[in-house]
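Step one of this worksheet: look at the structure below.
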Amino acid sequence: MTSEQKKPLIVIVGPTAVGKTSISVNLAQRFDGEIVSADSRSFYRGMDIGTAKPTLEEMRGIPHHLINVADPDEIWNLAIFQRRAYQAIDEIHDRGKLPFLVGGTGQYIRSIIEGWRIPPQKPDYNIREALTLWADRIGAEALHERLEAIDPAAAEKIDYRNLRRTVRALEVILKTGTRFSELRQKQTCPYHPILLGIDRPREELYERIDERIETMLAEGLVQEVESLIRAGFSPELPTFSAIGYQEILQYLQGNISLEEATLLIKRNTRIFVRRQANWFKPDDPRITWFQASENLVDQMETTIRRRLNDLNK
RNA sequence: GCCGAGUUAGCUCAGUUGGUAGAGCACGCGACUGAAAAUCGCGGUGUCCACAGUUCGAUUCUGUGACUCGGCA
């Protein structure tokens, strides 16, 4: 397949609370598009307020994919996302519509636009636990040395103090008999990605985050978490490691006050924004960046039209 | 007015038996291939309240002053 034959994929990236949701719905309306969400926390039903998931009204009739597709105890991940996103994008193309990949989970978006070949080994929680227990005895660094002995290339890319990633690499090697570094590949993106980034000054973003969190609390974030627990979902689920949920859980368990929880949510969201920015940098030549402004949607529309025309030449 | 405690990084504070100082948080930055809103890493020069004294040398000791917080009037 040559690059001329590849179909376009509009990709919209940007930090949380920058305004991606309403802008992408606007653009999708103008281009007869559909939206594929690339947001690791919007998969789960019942987690609406804390994830700032778009409401039906905000979607304004634009089909959204990969939102509300799992219960909180079905643990979705990168590989499942990638498979389902490819599928959703292909189906949108088949319908003759334009797909918009929109979201804040940088890793997921990169896996699509860079055509990652993810080591085909689904999580084995028993092995992970065993490896973790082993690390408790010998230390994370010693475990990393074991990895280095059998797969130096993988070990080199993983900090010896990062137990979780060391464990994953060993898990893959043990289960597949193949080096993690060999299974971890990049191919090319099956689509022609057109990347647009939205940004705002940090200070402004932080203000919007604080406001958004106050709104979440007013809209019943605490009740949302309570009802998930009441529905029988274990607080131990990785799903509840989401910002907003972990802190409210601490509050509900009586470990901290609601005020402390609120401060923590704000703080953790700010840290998250900085971490998010690592996936898409201002000097990334693949991305056309926009600062949030009045006529942002018009500007972005113009850019998309031009890029789509270039494709058809 | 008197007595006591305090004044050190944006904030909360530690510390220097006298040789110009360091934690947490904030903030900035980086890594990331089946938990990713996860996980992990890197980044600390600031009139040590001001002035004077002692001293080779004071943020540290002494004196005076300013301010803050308690208590008593």
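Lettering follows sequence order; numbering is per chain, from 1.
Remark: Arg41(A) is in phosphate contact with A36(B), judged by side-chain N or O atoms under 4.0 Å from OP1 or OP2. Between Arg117(A) and the phosphate of U33(B), there is no side-chain N or O to OP1/OP2 separation shorter than 4.0 Å. Between Tyr160(A) and C40(B) there is no side-chain polar atom (N or O) within less than 4.0 angstrom of OP1 or OP2.
Nucleic acid contact for Thr105(A): sugar-phosphate only, since backbone atoms but no base atoms lie under 4.0 Å from a heavy atom of the residue. Using a 4.0 Å heavy-atom criterion, one finds that Gly244(A) contacts no nucleic acid atom at all. When heavy atoms are screened at a 4.0 angstrom cut-off, Ile118(A) is found touching base atoms of the nucleic acid.
Here the P atom of nucleotide G41(B) and the CD atom of Glu156(A) are 19 Å apart, to the nearest Å. If you measure from atom CD1 of Ile265(A) to atom C1' of A37(B), you get 12 Å, rounded to the nearest angstrom. Across the protein-nucleic acid pair, Trp76(A) atom CH2 and A37(B) atom P stand 15 Å apart, rounded to whole Å.
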In dot-bracket form, how is RNA chain B paired, counting a Watson-Crick or G-U wobble pair only if both its distances are under 3.5 Å and using | for bases paired to another strand? (((((((..((((.....[..)))).(((((.......))))).....(((((..]....)))))))))))).
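Using a cut-off of 4.0 Å between Lys/Arg side-chain N and Asp/Glu carboxylate O, Lys157(A) and Asp151(A) are scored as not salt-bridged.
Between Ile109(A) and Ile112(A) there is no side-chain heavy-atom pair separated by less than 4.5 Å.
Contacts between residues 79-90 of chain A and RNA chain B, defined by a heavy-atom separation below 4.0 Å, involve Ala79(A), Ile80(A), Arg83(A), listed by number.
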Which letters describe nucleotides 25-32 of chain B, given B = protein heavy atom under 4.0 Å from base, S = only from sugar-phosphate, - = neither? SSSSSBBB
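Checked by atom type and distance alone, the side chain of Thr105(A) pairs as donor or acceptor with a backbone atom of Ser40(A) at under 3.5 Å.
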